[in-house]
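A, B, ... follow the sequence lines: proteins, then strands. Residue 1 opens every chain. Predicted, not measured: the structure shown is a model, and the values here were computed from it.
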There are 2 protein chains.
Amino acid sequence: MQTNTQEEAIARLAHCLKQAGHRLTPQRLAICRALIESENHPTAAEIFERLRPAYPTMSLGTVYKTLRTLVELGAIQEIGDAGDGAEHYDVNLHPHVNLVCTLCNSVRDMDSAAIEQVADEVERNSGFRIRGARIVYYGVCPDCAGNGGSR
Amino acid sequence: MQTNTQEEAIARLAHCLKQAGHRLTPQRLAICRALIESENHPTAAEIFERLRPAYPTMSLGTVYKTLRTLVELGAIQEIGDAGDGAEHYDVNLHPHVNLVCTLCNSVRDMDSAAIEQVADEVERNSGFRIRGARIVYYGVCPDCAGNGGSR
DNA sequence: TTAGCTGCAAATAGTTTGCAGTTTT
DNA sequence: AAAACTGCAAACTATTTGCAGCTAA
(Lines give C-alpha, C1' and ligand atoms only; values in the text may rest on other atoms or scores of the structure.)
Protein backbone atom coordinates (compact mmCIF):
# COMPACT_ATOMS: atom_id res chain seq x y z
CA MET A 1 0.00 0.00 0.00
CA GLN A 2 1.04 3.55 -0.76
CA THR A 3 4.02 2.24 -2.69
CA ASN A 4 4.27 5.16 -5.05
CA THR A 5 4.17 7.56 -2.13
CA GLN A 6 7.07 5.63 -0.67
CA GLU A 7 8.95 5.88 -3.95
CA GLU A 8 8.39 9.61 -3.88
CA ALA A 9 9.72 9.80 -0.37
CA ILE A 10 12.81 7.84 -1.31
CA ALA A 11 13.30 10.13 -4.28
CA ARG A 12 13.06 13.11 -1.97
CA LEU A 13 15.92 11.83 0.18
CA ALA A 14 17.98 10.98 -2.90
CA HIS A 15 17.31 14.44 -4.25
CA CYS A 16 18.45 16.05 -0.99
CA LEU A 17 21.73 14.21 -1.21
CA LYS A 18 22.45 15.07 -4.83
CA GLN A 19 21.25 18.62 -4.38
CA ALA A 20 23.86 19.14 -1.67
CA GLY A 21 26.62 17.75 -3.87
CA HIS A 22 26.76 14.31 -2.26
CA ARG A 23 27.01 11.13 -4.27
CA LEU A 24 24.17 8.70 -4.62
CA THR A 25 25.75 5.34 -3.98
CA PRO A 26 23.85 2.04 -3.85
CA GLN A 27 24.46 1.90 -0.11
CA ARG A 28 22.98 5.33 0.46
CA LEU A 29 19.98 4.59 -1.68
CA ALA A 30 19.39 1.39 0.25
CA ILE A 31 19.62 3.28 3.53
CA CYS A 32 17.11 5.83 2.29
CA ARG A 33 14.80 3.02 1.20
CA ALA A 34 15.12 1.29 4.57
CA LEU A 35 14.32 4.53 6.35
CA ILE A 36 11.18 5.05 4.33
CA GLU A 37 9.99 1.47 4.33
CA SER A 38 10.56 0.90 8.01
CA GLU A 39 7.40 0.78 10.06
CA ASN A 40 8.98 1.89 13.30
CA HIS A 41 11.48 4.69 13.36
CA PRO A 42 14.63 2.69 13.02
CA THR A 43 18.01 2.90 14.68
CA ALA A 44 21.28 2.66 12.78
CA ALA A 45 21.65 -0.93 13.92
CA GLU A 46 18.15 -1.84 12.74
CA ILE A 47 18.79 -0.40 9.30
CA PHE A 48 22.08 -2.26 9.17
CA GLU A 49 20.46 -5.58 10.06
CA ARG A 50 17.63 -5.02 7.63
CA LEU A 51 20.03 -4.33 4.81
CA ARG A 52 22.57 -7.01 5.57
CA PRO A 53 20.89 -9.86 3.65
CA ALA A 54 20.73 -7.83 0.44
CA TYR A 55 23.99 -5.94 1.03
CA PRO A 56 26.30 -8.33 2.82
CA THR A 57 29.25 -5.96 2.63
CA MET A 58 27.32 -3.02 4.09
CA SER A 59 29.13 -1.49 7.00
CA LEU A 60 27.54 -0.14 10.15
CA GLY A 61 29.88 2.83 9.88
CA THR A 62 28.44 3.68 6.50
CA VAL A 63 24.95 3.60 7.94
CA TYR A 64 25.97 6.01 10.67
CA LYS A 65 27.72 8.32 8.23
CA THR A 66 24.76 8.41 5.87
CA LEU A 67 22.28 9.03 8.67
CA ARG A 68 24.38 11.89 9.95
CA THR A 69 24.61 13.39 6.50
CA LEU A 70 20.84 13.21 6.09
CA VAL A 71 20.32 14.79 9.50
CA GLU A 72 22.73 17.59 8.67
CA LEU A 73 20.88 18.21 5.43
CA GLY A 74 17.65 18.42 7.38
CA ALA A 75 16.25 15.54 5.34
CA ILE A 76 15.48 13.39 8.37
CA GLN A 77 15.24 13.96 12.09
CA GLU A 78 16.73 12.42 15.19
CA ILE A 79 14.12 11.71 17.81
CA GLY A 80 16.32 10.42 20.63
CA ASP A 81 16.38 7.00 22.19
CA ALA A 82 13.28 4.95 22.86
CA GLY A 83 14.45 3.36 26.07
CA ASP A 84 16.88 1.12 24.23
CA GLY A 85 19.80 3.51 24.43
CA ALA A 86 20.02 4.07 20.69
CA GLU A 87 19.15 7.00 18.49
CA HIS A 88 16.02 6.63 16.39
CA TYR A 89 15.43 8.44 13.12
CA ASP A 90 12.26 9.94 11.72
CA VAL A 91 11.55 10.70 8.09
CA ASN A 92 8.44 12.70 8.87
CA LEU A 93 9.37 16.38 8.94
CA HIS A 94 5.86 17.64 9.48
CA PRO A 95 5.32 18.76 13.09
CA HIS A 96 3.89 15.72 14.84
CA VAL A 97 3.97 13.64 17.97
CA ASN A 98 6.13 10.55 18.38
CA LEU A 99 4.70 7.84 20.57
CA VAL A 100 7.19 5.47 22.14
CA CYS A 101 6.01 2.24 23.66
CA THR A 102 8.35 1.53 26.54
CA LEU A 103 7.48 -2.16 26.47
CA CYS A 104 8.16 -3.00 22.84
CA ASN A 105 10.39 0.05 22.13
CA SER A 106 8.41 0.82 19.01
CA VAL A 107 7.85 4.36 17.84
CA ARG A 108 4.84 5.55 15.90
CA ASP A 109 3.72 8.90 14.59
CA MET A 110 0.60 10.77 15.46
CA ASP A 111 -0.77 13.98 14.07
CA SER A 112 -1.98 16.45 16.60
CA ALA A 113 -3.94 19.60 16.02
CA ALA A 114 -2.62 21.10 19.22
CA ILE A 115 1.07 20.44 18.55
CA GLU A 116 0.99 22.50 15.38
CA GLN A 117 0.24 25.58 17.44
CA VAL A 118 2.97 24.97 19.96
CA ALA A 119 5.91 25.92 17.76
CA ASP A 120 4.31 29.25 16.92
CA GLU A 121 3.52 29.85 20.54
CA VAL A 122 7.07 29.00 21.54
CA GLU A 123 8.67 31.25 18.95
CA ARG A 124 6.41 34.12 19.85
CA ASN A 125 6.85 33.87 23.59
CA SER A 126 10.50 32.92 23.89
CA GLY A 127 12.28 34.82 21.15
CA PHE A 128 13.89 31.55 20.06
CA ARG A 129 14.41 30.91 16.39
CA ILE A 130 13.19 27.33 16.13
CA ARG A 131 15.07 24.92 13.90
CA GLY A 132 13.68 21.58 14.95
CA ALA A 133 11.80 19.65 17.59
CA ARG A 134 11.40 16.32 19.29
CA ILE A 135 7.93 15.75 20.61
CA VAL A 136 8.02 12.37 22.26
CA TYR A 137 5.48 10.79 24.58
CA TYR A 138 6.34 7.62 26.46
CA GLY A 139 3.77 5.07 27.40
CA VAL A 140 2.32 1.67 26.69
CA CYS A 141 0.84 1.00 23.30
CA PRO A 142 -2.57 -0.67 22.97
CA ASP A 143 -0.97 -3.87 21.67
CA CYS A 144 1.29 -4.25 24.70
CA ALA A 145 -1.46 -3.17 27.08
CA GLY A 146 -3.61 -5.89 25.56
CA ASN A 147 -1.40 -8.92 26.10
CA GLY A 148 -0.42 -8.70 29.74
CA GLY A 149 0.62 -5.07 29.84
CA SER A 150 0.76 -5.08 33.62
CA ARG A 151 4.23 -3.66 33.44
CA MET B 1 15.34 34.78 44.83
CA GLN B 2 12.70 32.14 45.53
CA THR B 3 15.05 30.45 47.98
CA ASN B 4 12.33 28.92 50.09
CA THR B 5 10.66 27.53 46.99
CA GLN B 6 13.97 25.91 46.15
CA GLU B 7 14.22 24.45 49.63
CA GLU B 8 10.77 23.01 49.18
CA ALA B 9 11.77 21.48 45.89
CA ILE B 10 14.85 19.92 47.44
CA ALA B 11 12.69 18.59 50.25
CA ARG B 12 10.37 17.07 47.69
CA LEU B 13 13.20 15.09 46.11
CA ALA B 14 14.50 14.03 49.53
CA HIS B 15 11.02 12.94 50.47
CA CYS B 16 10.68 10.87 47.31
CA LEU B 17 13.87 9.02 48.16
CA LYS B 18 12.95 8.29 51.78
CA GLN B 19 9.38 7.44 50.84
CA ALA B 20 10.66 4.72 48.54
CA GLY B 21 12.89 3.26 51.23
CA HIS B 22 16.14 4.77 49.96
CA ARG B 23 18.70 6.38 52.21
CA LEU B 24 19.27 10.07 52.33
CA THR B 25 23.03 10.40 52.21
CA PRO B 26 24.92 13.70 52.11
CA GLN B 27 25.90 12.92 48.52
CA ARG B 28 22.33 12.39 47.45
CA LEU B 29 21.15 15.49 49.19
CA ALA B 30 23.87 17.47 47.46
CA ILE B 31 22.85 16.04 44.09
CA CYS B 32 19.23 16.97 44.72
CA ARG B 33 20.33 20.47 45.70
CA ALA B 34 22.46 20.80 42.57
CA LEU B 35 19.55 19.67 40.41
CA ILE B 36 17.25 22.26 41.90
CA GLU B 37 19.72 25.12 42.02
CA SER B 38 21.04 24.61 38.51
CA GLU B 39 19.88 27.19 36.02
CA ASN B 40 20.18 24.99 32.98
CA HIS B 41 19.03 21.41 33.07
CA PRO B 42 22.25 19.77 34.05
CA THR B 43 24.01 16.64 32.91
CA ALA B 44 25.55 14.12 35.29
CA ALA B 45 28.98 15.54 34.52
CA GLU B 46 27.85 19.10 35.23
CA ILE B 47 26.43 18.12 38.59
CA PHE B 48 29.63 16.27 39.37
CA GLU B 49 31.80 19.28 38.52
CA ARG B 50 29.56 21.61 40.44
CA LEU B 51 29.75 19.45 43.53
CA ARG B 52 33.40 18.59 43.36
CA PRO B 53 34.73 21.64 45.25
CA ALA B 54 32.45 21.02 48.21
CA TYR B 55 32.54 17.21 47.98
CA PRO B 56 36.00 16.31 46.77
CA THR B 57 35.40 12.59 47.19
CA MET B 58 32.15 12.60 45.24
CA SER B 59 32.16 10.02 42.51
CA LEU B 60 30.67 10.41 39.06
CA GLY B 61 29.27 6.93 39.42
CA THR B 62 27.32 8.02 42.47
CA VAL B 63 25.88 10.93 40.52
CA TYR B 64 24.73 8.58 37.78
CA LYS B 65 23.25 6.12 40.26
CA THR B 66 21.36 8.81 42.13
CA LEU B 67 20.01 10.35 38.95
CA ARG B 68 18.80 7.00 37.76
CA THR B 69 17.11 6.32 41.06
CA LEU B 70 15.35 9.67 40.91
CA VAL B 71 14.22 9.02 37.35
CA GLU B 72 12.91 5.59 38.29
CA LEU B 73 10.98 7.12 41.16
CA GLY B 74 9.49 9.62 38.74
CA ALA B 75 10.95 12.47 40.78
CA ILE B 76 12.85 13.96 37.86
CA GLN B 77 12.79 13.55 34.10
CA GLU B 78 15.32 12.82 31.41
CA ILE B 79 15.01 15.18 28.50
CA GLY B 80 17.62 13.73 26.16
CA ASP B 81 20.80 15.31 24.91
CA ALA B 82 21.11 18.96 23.99
CA GLY B 83 23.52 18.52 21.13
CA ASP B 84 26.38 17.73 23.49
CA GLY B 85 25.82 13.98 23.52
CA ALA B 86 24.89 13.82 27.19
CA GLU B 87 21.64 13.24 28.98
CA HIS B 88 20.08 16.30 30.62
CA TYR B 89 17.74 16.14 33.60
CA ASP B 90 14.68 18.20 34.37
CA VAL B 91 13.15 18.74 37.78
CA ASN B 92 9.99 20.28 36.38
CA LEU B 93 7.34 17.58 36.14
CA HIS B 94 4.57 19.86 34.95
CA PRO B 95 3.89 19.43 31.22
CA HIS B 96 6.01 22.07 29.55
CA VAL B 97 8.29 22.81 26.65
CA ASN B 98 12.07 22.53 26.82
CA LEU B 99 13.99 24.96 24.67
CA VAL B 100 17.49 23.94 23.69
CA CYS B 101 19.88 26.50 22.28
CA THR B 102 22.08 24.62 19.86
CA LEU B 103 24.77 27.29 20.10
CA CYS B 104 25.30 27.45 23.85
CA ASN B 105 23.70 24.04 24.64
CA SER B 106 21.60 25.60 27.35
CA VAL B 107 18.13 24.34 28.11
CA ARG B 108 15.31 26.41 29.47
CA ASP B 109 11.70 25.76 30.33
CA MET B 110 8.66 27.37 28.85
CA ASP B 111 5.04 27.01 29.75
CA SER B 112 2.69 26.52 26.87
CA ALA B 113 -1.06 26.61 26.90
CA ALA B 114 -1.21 24.41 23.80
CA ILE B 115 1.10 21.67 25.07
CA GLU B 116 -1.16 20.95 28.00
CA GLN B 117 -3.85 19.79 25.61
CA VAL B 118 -1.57 17.57 23.59
CA ALA B 119 -1.22 14.76 26.11
CA ASP B 120 -5.00 14.47 26.41
CA GLU B 121 -5.36 14.54 22.66
CA VAL B 122 -2.70 11.86 22.27
CA GLU B 123 -4.22 9.55 24.85
CA ARG B 124 -7.65 9.92 23.38
CA ASN B 125 -6.64 9.37 19.77
CA SER B 126 -3.94 6.74 20.11
CA GLY B 127 -5.07 4.46 22.90
CA PHE B 128 -1.65 4.87 24.50
CA ARG B 129 -1.41 5.06 28.26
CA ILE B 130 0.99 7.98 28.66
CA ARG B 131 3.65 7.83 31.33
CA GLY B 132 5.98 10.65 30.39
CA ALA B 133 7.06 13.04 27.68
CA ARG B 134 9.95 14.97 26.24
CA ILE B 135 8.88 18.11 24.48
CA VAL B 136 12.05 19.66 23.15
CA TYR B 137 12.46 22.43 20.60
CA TYR B 138 15.86 23.18 19.14
CA GLY B 139 16.89 26.61 18.04
CA VAL B 140 18.95 29.67 18.77
CA CYS B 141 18.26 31.57 21.95
CA PRO B 142 17.91 35.35 21.88
CA ASP B 143 21.26 35.77 23.66
CA CYS B 144 23.15 33.78 21.05
CA ALA B 145 21.19 35.33 18.20
CA GLY B 146 22.22 38.73 19.57
CA ASN B 147 25.99 38.36 19.56
CA GLY B 148 26.79 37.09 16.10
CA GLY B 149 24.18 34.37 15.86
CA SER B 150 24.78 33.96 12.17
CA ARG B 151 25.21 30.27 12.72
C1' DT C 1 23.60 -4.50 63.34
C1' DT C 2 22.84 -4.62 58.58
C1' DA C 3 21.05 -3.48 54.29
C1' DG C 4 22.08 -0.11 51.39
C1' DC C 5 25.40 3.28 49.77
C1' DT C 6 29.93 5.23 48.15
C1' DG C 7 34.01 5.36 45.44
C1' DC C 8 36.94 3.35 42.47
C1' DA C 9 38.08 0.87 38.42
C1' DA C 10 36.94 -1.98 34.85
C1' DA C 11 33.49 -3.16 31.51
C1' DT C 12 29.81 -1.91 28.04
C1' DA C 13 27.97 -0.15 24.05
C1' DG C 14 26.58 3.40 20.84
C1' DT C 15 28.82 6.34 17.81
C1' DT C 16 32.79 8.48 15.49
C1' DT C 17 37.08 8.53 13.09
C1' DG C 18 41.36 7.30 10.25
C1' DC C 19 42.79 5.28 6.37
C1' DA C 20 43.59 2.36 2.17
C1' DG C 21 41.26 1.00 -1.62
C1' DT C 22 37.09 1.67 -4.58
C1' DT C 23 33.56 4.16 -7.06
C1' DT C 24 30.55 7.95 -8.68
C1' DT C 25 30.59 11.87 -11.51
C1' DA D 1 41.13 11.75 -13.26
C1' DA D 2 39.58 13.67 -8.98
C1' DA D 3 36.93 14.06 -5.20
C1' DA D 4 34.01 11.53 -2.49
C1' DC D 5 32.61 7.20 -0.52
C1' DT D 6 32.96 2.45 1.52
C1' DG D 7 34.45 -0.93 4.76
C1' DC D 8 37.14 -2.18 8.36
C1' DA D 9 39.13 -1.57 12.72
C1' DA D 10 40.54 1.20 16.25
C1' DA D 11 39.32 5.08 19.13
C1' DC D 12 36.03 7.71 21.91
C1' DT D 13 32.94 8.67 25.45
C1' DA D 14 28.76 8.49 28.11
C1' DT D 15 26.92 5.36 31.13
C1' DT D 16 26.74 1.01 33.80
C1' DT D 17 28.47 -2.47 36.80
C1' DG D 18 31.19 -5.22 40.35
C1' DC D 19 32.99 -5.09 44.56
C1' DA D 20 35.28 -3.94 49.07
C1' DG D 21 34.74 -0.94 52.61
C1' DC D 22 31.69 2.56 54.92
C1' DT D 23 27.36 4.44 57.03
C1' DA D 24 22.47 5.75 57.63
C1' DA D 25 18.76 3.84 59.98
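- Rounded to an integer number of Å, the gap from A:Y64 OH to D:dA9 C1' is 15 Å.
- Residue-to-nucleotide proximity on DNA chain D shows that, of A:G61 and A:T66, the 5′-proximal contact is made by A:T66.
- Over its length, the helix from C:dT1-D:dA25 to C:dT25-D:dA1 turns its helix axis by 50°, as judged from the five terminal pairs at each end, rounded to 10°.
- Under the 3.5 Å distance criterion, with hydrogens and angles disregarded, no donor-acceptor pair is assigned to the side chains of B:N98 and B:H88.
- A distance-only check finds a donor-acceptor pair linking the side chain of B:R12 to the backbone of B:A75 [under 3.5 Å].
- Listed for the B:R134 side chain is a donor-acceptor partner under 3.5 Å among the backbone atoms of B:E78.
- Not one N or O on the side chain of B:E87 forms a donor-acceptor pair closer than 3.5 Å with the backbone of B:D81.
- Listed for the B:E121 side chain is a donor-acceptor partner under 3.5 Å among the backbone atoms of A:A113.
- Judged purely by atom type and a 3.5 angstrom limit, B:R28 uses its side chain to pair as donor or acceptor with the backbone of B:R23.
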For a side-chain hydrogen bond (donor to acceptor under 3.5 Å, both in side chains) check, start with the C-alpha distance between B:D84 and B:N105, then their side-chain angles and the critical distance, and finish with the verdict. CA-CA 7 Å; B:D84 50 3; B:N105 286 335; 4.7 Å; no
Spell out protein contact along nucleotides 19-25 of chain D as letters: B when the base is contacted, S when just the sugar-phosphate is, - when no protein heavy atom is under 4.0 Å; keep the 5' to 3' order. ----BBS
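- Residue A:T57 is classed as a sugar-phosphate contact, given heavy-atom separations below 4.0 Å to backbone atoms only.
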What verdict does the side-chain hydrogen bond (donor to acceptor under 3.5 Å, both in side chains) test give for A:T62 and A:Q27, after you've listed the backbone C-alpha separation in whole Å, the side-chain angles of each residue and the deciding distance to 0.1 Å? CA-CA 8 Å; A:T62 297; A:Q27 291 91 333; over 6 Å; no
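- Under 4.0 angstrom from either OP1 or OP2 of D:dT17 there lies at least one side-chain N or O belonging to B:R68.
- One interatomic measurement links the two molecules: CG of A:D81 to C1' of D:dA14, which rounds to 12 Å at whole-angstrom precision.
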Yes or no on salt bridge (charged side-chain N to carboxylate O under 4.0 Å, His left out) for B:E46 and B:R50, after CA distance, side-chain angles and deciding distance? CA-CA 6 Å; B:E46 283 164 4; B:R50 180 188 187 115; over 6 Å; no
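- Taking atom CZ of A:F48 as the reference point, atom C1' of D:dT6 lies 13 Å away to the nearest angstrom.
- For DNA chain C, the span of nucleotides reached by chain B at under 4.0 Å from its heavy atoms goes, 5' to 3', from C:dA3 to C:dC8.
- D:dA10 atom P lies 15 Å from atom CG of A:L60, rounded to whole Å.
- The environment of CD in A:E39 is sparse: at most 12 heavy-atom neighbours from other residues, nucleotides or ligands sit within 6.0 Å.
- Atom CD of B:E87 and atom C1' of D:dT13 are 15 Å apart (whole Å).
- Hydrophobic clustering, with ILVMFWY side chains joined whenever heavy atoms are under 4.5 angstrom apart, groups B:I31 together with B:I76.
- Atom P of nucleotide D:dT6 and atom OH of A:Y55 are separated by 12 Å, given to the nearest angstrom.
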